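Have a look at the structure below, then the notes.
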Amino acid sequence: MLEIKNICKTFNKGTVNEKVAINNLSLTLEDGDFVTVIGGNGAGKSTMLNLIAGAFPVDSGSIIANGKDITHLPDFKRASILGRVFQDPMMGTSANMLIEENLALANRRGQKRGLKWGISDAEREDFKKQLAALNLGLEDRLSTKVGLLSGGQRQALTLLMAVLRKPDLLLLDEHTAALDPKTAAKVLEMTDRIVSKHNLTTLMVTHNMKDAIEHGNRLIMMDAGRIVVDIRGEEKKKLTVPYLIDLFSKASGSTEANDAMLLSK
Amino acid sequence: MDFFGSLLNATPGAVSQGIIWGIMAIGLYITFKIMDIADLSVDGSFATGGAVCVMLIRGGCNPWLAVLVAMCAGGVAGLITALLHTKCEIPAILSGILTQLALYSINLRIMGGRANQPVSVDKYPLLVSQRYVRELSLRNPLPLIILLTAIVIGFMYWFFGTERGCSMRATGDNPNMAKAQGINVKNNIILALVFSNAIVAFSGALIAQFQGSADINMGRGAIVIGLAAVIIGEVFTKKFFKNFALKLLGVSIGAIIYYLVLQVTLQLGLNTNDLKLISATIVAVFLAIPYWKKLASQKAGRKGGRNA
C-alpha cells in the first residue's frame, strides 16, 4: 500500500542546530498492516509520519502510495488518502464548530467542496449512529461545540473523523499520549475496534512499549532516523518488554537503555 | 434642552452612517473573526470603493452598476493582499499595510489626481444621500440601506453554511485540522480576503454617495471603526444573539452604537479634528471591556471560593 524509499530529512541544515531527523529510511506497508512504531525522543517517529502526510517536504527519496508517487503532493491533496489523529487533542478538531459540522467536514475529506449546504439530514442520522457506537453519549450532542468536549472525547471524535471516509492509510501520532491512563486505554480499544472493522492500513506511533506489543501485527523500532527493528506476525506475538529493551540497546548500539522508554513501562 | 434638541436632530444621520459603516464591519468580520486575520488593506479598499463609484457616476454610469464595479475593484485589492500573504509568505498584517499604502496612490489616480471628487445628488441619481435622511419620503436612504444590510447578512449566512463556507470557517479556526481534512487553506484565505474587501468597497461606494463625495482620506481608520463595530456589537448582543446571522446583525448594531456615541461626544462640544482620537479611545475601551469583565469575574470567583 505504502512504499517509502530512501527518504532523508535534515532540519536547520548548515546551522549549528542541524539535526538529521530521518536518515535514508525505507519502509513498505502491506494492505491491512497495523504497524506500531516505537523509539526514543528524537528518533524520528513523528517526523516520519509528518513526511508521509506532507507537513513538510523530504530532502530526498520518494513516497509511493497505491502505486502513485505522492512525494511532491501538497499536504491537503494527500489528505484524500490519509486519516490522521494527532497527539494534541486540540489539533484534530475545530473547537468553535459543532460536532456535526466537524463530522460533515471530515465526511468530505478529499472531495470538492462546493456551494451545496454543508451538512444534510441523512448525514446527521448517520453521524448519530456512528457516534452512538463510540459509547460516549455524544450522539445526543450533535449541535454542541467541540471546544466543550473533554480531551478524550475530542480524540475519539478525531479518530471517528479520520475514518469516516475510509482512508487508505491511518496515521496515529501518539494519539493517546495526552490522555489520562483510563481514557487512553478506552481510545486505544476504540482504535483496535475501528482498525479491524475497516481493515485499515495503520501506522501508530506510541511511547508505550506495552501498547506497541499488544496492538497491531507488526512493530518497528526507530533510532536516529532509521528503522532498527522490524518484527511481525508470530514473532511479534511473543515479544516482551524486557526483550524489546534488550533489542533496542543492541540495535542502537548503545548500552544505556533509553530513559523515556523505560519510564513508560 | 438645546443639547438634546441638536442631538435628536443629528440622530437619523448618525444611524444611517452607522448602518452603512456596519456593512463594512460585516465585511471585516469575515477576515477578523472567521479567518482570524487582521486585514489592514480595508482602509484603502474602502476609499477605492468610494472613488471608483463616484468617478463612474460622474461619468454617467448607472449608480447600481457603479457600485458593482466598485465591489469588483475592492475584491481585486483584497486579492493583492491575499497573494502577498499566501504566495509570498508576507505576514498578513504587513501584506495589508502594503496594499493600503499602494492603494493611496491608486485611489488618487482613480480620482484624476485630486484628493476629493464631489458627486451631487442634484446632478446624479444617487442611491442614497444624507440630504433626505430626515425626510418621510421614498428618497429617505434608511429603507434601502437596511435592505442592503439584510441582503449582505443573508448572503453571508447562506455562504458560510455551504460546504465551501464551512471549510473556510474550519480554516480560520484550526488550519491544521483543515489541512488534515484535505482543505486548501491558502485558497480559502484568498477567497476570504477577496470577499471581505468587496463588501468593504461596497460600503465605501455607499458612503461616498451618502456624503456626496469621494475623498482620498475617507477610509482612514476604517479598520478601527470596523473592529469597534464588531466588538461593541459583541459586548452588547452576545447574551441574546447566538445564531450566525444574528451575530452579523449584532455587528451592524455595534456600528450604529458607535456612531451614536460619536455623535454624543461631538455634541458635547468636542471638535471634529479630535474625531480620530475619540474613535481610538472608544475602540480601546470596548476592546478592554471583555478583559476587565473576566478579571472582575475571576475576583468574584475567588471570593465565592472562600465562602464555599
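Reminder, nothing fancy here: chain letters follow the sequence lines and each chain counts from 1. Computed from a prediction, not measured in an experiment: that's the story for all the values here.
Between chain B and the options A/R84, A/M97, A/M90, A/E101, heavy-atom pairs under 4.5 Å are most frequent for A/M97.
Residue B/S167 holds its OG atom at 10.5 Å from CZ of A/R108, rounded to the nearest 0.5 Å. Atom CG of A/N107 sits about 10.0 Å away from atom CD of B/E163, to the nearest 0.5 Å.
Other residues, nucleotides and ligands place more than 12 heavy atoms under 6.0 Å from the CZ atom of B/F244. Counting heavy-atom neighbours within 6.0 Å of A/K19 NZ, excluding the residue itself, gives a total above 12. In the displayed structure, A/E18 atom CD is contacted under 6.0 Å by more than 12 heavy atoms of other residues, nucleotides or ligands.
At a heavy-atom separation below 4.5 angstrom, chain A is approached by no residue within residues 195-202 of chain B. Against chain B, the residues from residues 112-124 of chain A that qualify, each with a non-hydrogen atom under 4.5 angstrom away, are A/K112, A/R113, A/G114, A/L115, A/K116, A/W117, A/G118 in number order.
Judged by distance alone, with hydrogens and angles left aside, the side-chain atoms of B/N174 form a donor-acceptor pair with the main-chain N or O of A/M91 at under 3.5 Å. A/N96 places no side-chain N or O within donor-acceptor distance of the main-chain N or O of B/D173, the cut-off being under 3.5 Å.
Heavy-atom distances place the side chain of B/F159, and not its backbone, under 4.5 Å from chain A. Proximity to chain B is absent for every atom of A/S80, based on heavy atoms less than 4.5 angstrom apart.
Contact of the A/D88 side chain with the B/N176 side chain is not registered, since no non-hydrogen atoms from C-beta on lie closer than 4.5 Å.
Of all heavy-atom pairs between A/F76 and B/I183, the closest is CB-O, 3.3 Å. A/A79 and B/A180 get closest at one heavy-atom pair: CB-O, 3.4 Å. Smallest separation of non-hydrogen atoms from B/A170 and A/S94: CA-OG, 4.4 Å.
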